[in-house]
Amino acid sequence: ETGVTQSPTHLIKTRGQQVTLRCSSQSGHNTVSWYQQALGQGPQFIFQYYREEENGRGNFPPRFSGLQFPNYSSELNVNALELDDSALYLCASSSRDTNTEAFFGQGTRLTVV
Amino acid sequence: AQSVSQHNHHVILSEAASLELGCNYSYGGTVNLFWYVQYPGQHLQLLLKYFSGDPLVKGIKGFEAEFIKSKFSFNLRKPSVQWSDTAEYFCAVNAHASGGSYIPTFGRGTSLIVHP
């Protein structure tokens, strides 16, 4: 176990809806990164939050947004869901100050129908 | 933009065979390099990492990797695989960007199946 927890584990949404995914980071970590992993692909970096501010973003449209809270937990929000958003969404926590490796949660499996 | 290439998408081996998985990255600046493993039904976990120093790094479960800066490579090796090594293997690079941040990039992954 990594100490990184994500919720929910699975969910099904309809195209056009909005979804919020949650992540609790490992104790002592101040950085949370979100990834999208499509079937048969490696994780694709969505964005990273460091001390409640976005600290880097991958090639994802603005309808992917996030938050980080004072306790370093984080949310990923996706608006106007599309079928291609169906994927495993991974959260990883790390400490930017010491540039540690990332510790991953189990992921949230999102299916858009 | 940085990228990571894993040359082998699917590898099938018999137990006791040797393993080498290729990984190349494109980024001219400072990088940190990682190999992650994902066993069936489990989360991604770190096998080994390279930050600096000896370019030959040893990880868990008998895995090792060698950083060759001139070739932008970080290949993963294991002299004798076991059935329990069946998993997905991901090479990843943290490219150091301006302002102290870094952007993590993963390769597509290699699916390893080891026959008993």
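Below, chain A is the first sequence line, B the second, and so on; all start at residue 1.
- How far CZ of B:Arg108 is from CD of A:Gln44: 11.0 Å, rounded to the nearest 0.5 Å.
- In this structure, chain A has a heavy atom under 4.5 Å from the backbone of B:Gln42, while its side chain stays farther away.
- Using a 4.5 Å cut-off between non-hydrogen atoms, no part of residues 15-25 of chain B approaches chain A.
- Among all heavy-atom pairs drawn from B:Pro104 and A:Tyr35, the shortest one is CG-OH, 2.9 Å.
- Both B:Leu76 and B:Leu13 are assigned to one and the same hydrophobic cluster, defined by single-linkage of ILVMFWY side chains at heavy-atom distances under 4.5 Å.
- Separation of atoms OG (A:Ser94) and CG (B:Asn94) is listed at 8.0 Å; rounding is to 0.5 Å.
- Heavy-atom neighbours of A:Arg63 CZ from other residues, nucleotides or ligands within 6.0 Å: above the threshold of 12.
- Of the listed residues (A:Gly107, A:Gly42, A:Gly58, A:Ala92), the one with the most heavy-atom contacts under 4.5 Å to chain B is A:Gly42.
- Residues B:Phe106 and A:Pro43 come closest through the heavy atom pair CB-O, 3.4 Å.
- Using a 4.5 Å cut-off between side-chain heavy atoms of Ile, Leu, Val, Met, Phe, Trp and Tyr, with links allowed through other members, A:Leu11 and A:Ile46 fall into the same hydrophobic cluster.
- The hydrophobic cluster containing B:Val37 also contains B:Phe63, counting ILVMFWY residues as joined when their side-chain heavy atoms lie under 4.5 angstrom apart, directly or transitively.
- By the 6.0 Å contact criterion, CD1 on B:Ile60 is enclosed, its count of non-hydrogen atoms from other residues, nucleotides or ligands being greater than 12.
- Residues B:Phe74 and B:Val31 fall within the same hydrophobic cluster, defined by Ile, Leu, Val, Met, Phe, Trp and Tyr side chains chained together at heavy-atom separations under 4.5 Å.
- Taken together through direct or relayed side-chain contacts under 4.5 Å among Ile, Leu, Val, Met, Phe, Trp and Tyr, B:Leu48 and B:Val81 form part of one hydrophobic cluster.
- Counting heavy atoms of neighbouring residues, nucleotides and ligands inside a 6.0 Å radius, atom CG of A:Asn59 does not exceed 12 of them.
- Atom-to-atom distance recorded for B:His43:NE2 and A:Gln6:CD is 11.0 Å, nearest 0.5 angstrom.
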